[in-house]
Amino acid sequence: MPEIADDEVLTVGDADLGALADLLAKYELRLVVEQDDAFITGSYWGEPEAGVVGKTVYVRRDTPIHSLLHESCHVVCMTGTRRDSLVRDAGGDDLEESGVCYLQVVLADCLPCCGRARLMRDMDAWGYSFRLGSTADWFRDDAEDAKKFLINHGLLTPEGAPVFRLRA
């Protein structure tokens, strides 16, 4: 795996594709890596951001890891009815969006190339915005509602560990 400078955002190309696919598979999600110059299927924001259609997450090698995790967590956190008709726009309310951000931070620890501290730095560098400023400050001091959302939907244990199942 290549060396990554601290000021660069980790991308799919920096990671072990098997580890990424294995993490998504724990949620019954499928990872598709598109060609480097291809349009990313289901991308809401456009390249290089990840895309989603149903339970498939689409990326390229230049897709940031935080984007792959964010879109994957949208699929995990949405209702089954929304998931069944998902094409590009995950939708959801503010609380669900907070749950998505919280879960992506937790899942970063499941990736050998990443970890939550690195993911939170990358989220800040990419422009995620939280009331307290940094992602780390939000996660530590202002995300109790997001954690409760995940626990209440059976997606996180009370201790904060991922459960590896989709929201019903």
Side-chain angles (χ1 to χ4, degrees), residues 1 4 6 8-12 14-31 44 49-52 54-59 63-84 86 89-168:
M1 201 167 337
I4 306 302
D6 283 341
E8 294 179 34
V9 173
L10 290 172
T11 66
V12 169
D14 299 323
D16 175 342
L17 290 178
L20 297 175
D22 288 348
L23 176 59
L24 269 58
K26 290 180 180 184
Y27 287 101
E28 303 172 30
L29 305 182
R30 187 169 73 103
L31 177 65
Y44 184 81
E49 298 297 314
V52 287
K55 294 192 324 187
T56 302
V57 180
Y58 296 87
V59 297
T63 299
I65 295 291
H66 68 78
S67 179
L68 176 149
L69 288 173
H70 189 84
E71 296 307 319
S72 299
C73 290
H74 265 299
V75 179
V76 170
C77 290
M78 67 178 50
T79 64
T81 302
R82 283 186 27 234
R83 191 179 310 112
D84 289 344
L86 173 61
D89 186 357
D93 60 19
D94 289 343
L95 182 56
E96 184 178 298
E97 183 70 26
S98 293
V100 165
C101 290
Y102 194 97
L103 186 58
Q104 81 184 85
V105 169
V106 170
L107 292 182
D109 284 341
C110 298
L111 297 174
C113 71
C114 198
R116 68 179 59 187
R118 178 55 191 256
L119 185 83
M120 289 189 281
R121 283 196 318 263
D122 286 359
M123 290 169 71
D124 291 343
W126 205 255
Y128 285 70
S129 169
F130 297 99
R131 282 188 298 241
L132 298 184
S134 76
T135 305
D137 289 341
W138 167 78
F139 189 84
R140 182 185 58 249
D141 298 326
D142 194 33
E144 191 60 33
D145 59 339
K147 184 177 180 182
K148 284 181 183 174
F149 170 88
L150 295 168
I151 292 168
N152 289 343
H153 288 292
L155 304 174
L156 204 66
T157 68
E159 297 76 31
V163 177
F164 300 112
R165 70 172 166 232
L166 299 171
R167 178 178 170 187

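None of these values were measured; they are calculated from a predicted model.
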Undergrad: Which pair of heavy atoms, one from L103 and one from L156, lies closest together, and at what distance?
TA: CD1-CD1, 4.4 Å

Undergrad: Do the side chain of S67 and the main chain of A50 share a donor and acceptor less than 3.5 angstrom apart?
TA: yes

Undergrad: Enter the distance from L10:CG to T63:OG1 here, rounded to the nearest 0.5 Å.
TA: 13.0 Å

Undergrad: What is the distance from atom SG of C73 to atom CG of L24, rounded to the nearest 0.5 Å?
TA: 8.5 Å

Undergrad: Hey, could you give me the OH/NE2 distance between Y44 and H70, rounded to the nearest 0.5 Å?
TA: 11.0 Å

Undergrad: Would K26 and F164 count as a cation-pi pair here, with the cationic atom under 6.0 angstrom from the ring centre and within 45° of the axis?
TA: yes

Undergrad: Mind running side chain to side chain contact (heavy atoms under 4.5 Å, CB included) on Q104 and Y128 for me, showing each step along the way?
TA: CA-CA 13 Å; Q104 81 184 85; Y128 285 70; 3.5 Å; yes

Undergrad: Quick check on D94: does its CG atom have over 12 non-hydrogen neighbours (other residues, nucleotides or ligands) under 6.0 Å away?
TA: no

Undergrad: Verify side chain to side chain contact (heavy atoms under 4.5 Å, CB included) between H66 and M120, making sure each step is shown before the conclusion.
TA: CA-CA 9 Å; H66 68 78; M120 289 189 281; over 6 Å; no

Undergrad: Take F139 and V106 through the test side chain to side chain contact (heavy atoms under 4.5 Å, CB included) and record every step on the way to the result.
TA: CA-CA 10 Å; F139 189 84; V106 170; 4.2 Å; yes

Undergrad: Between A125 and V9, which heavy-atom pair has the shortest distance, and what is it?
TA: CB-CG2, 4.3 Å

Undergrad: Quick check: does any side chain N or O of D14 sit under 3.5 Å from a backbone N or O of T11, one acting as donor and the other as acceptor?
TA: yes

Undergrad: Before you tell me yes or no, could you show the steps for M123 and V105 under side chain to side chain contact (heavy atoms under 4.5 Å, CB included), namely the whole-Å CA-CA distance, both residues' side-chain angles and the distance that decides it to 0.1 Å?
TA: CA-CA 9 Å; M123 290 169 71; V105 169; 3.9 Å; yes

Undergrad: Do L29 and V76 make a side-chain contact, defined as non-hydrogen atoms from C-beta onward lying under 4.5 Å apart?
TA: yes

Undergrad: Of all heavy-atom pairs between L23 and L107, which one has the smallest distance, and what is that distance?
TA: CD2-O, 4.1 Å

Undergrad: Which distance, rounded to the nearest 0.5 Å, do you find between the CG of L111 and the CG of L119?
TA: 8.5 Å

Undergrad: Mind listing the closest non-hydrogen atom pair of Y102 and A146 along with its distance?
TA: CB-CB, 3.8 Å

Undergrad: Please report the shortest heavy-atom distance between G154 and R165, naming the atom on each side.
TA: O-NE, 3.0 Å

Undergrad: Indicate yes or no: at least one non-hydrogen side-chain atom of D84 is less than 4.5 angstrom from one of T81.
TA: no

Undergrad: With rounding to the nearest 0.5 angstrom, report the OH to CG distance, Y27 to L155.
TA: 7.0 Å

Undergrad: Could you tell me if the side chain of Y58 sits less than 4.5 Å from the side chain of E49, heavy atoms only?
TA: no

Undergrad: Hey, is E28 close enough to R83 for a salt bridge, meaning N to O under 4.0 Å?
TA: no

Undergrad: Rounded at 0.5 Å granularity, tell me how far CG in L150 sits from CG in D145.
TA: 10.0 Å

Undergrad: I'd like to know if the side chain of D124 reaches the main chain of S134, judged simply by a donor and an acceptor atom lying under 3.5 Å from each other, with no hydrogens or angles considered.
TA: no

Undergrad: How about K147: does its NZ atom have over 12 heavy atoms from other parts shown lying under 6.0 Å from it?
TA: yes

Undergrad: Show the nearest heavy-atom pair for residues V75 and L166, with the distance to one decimal.
TA: O-CD2, 4.2 Å

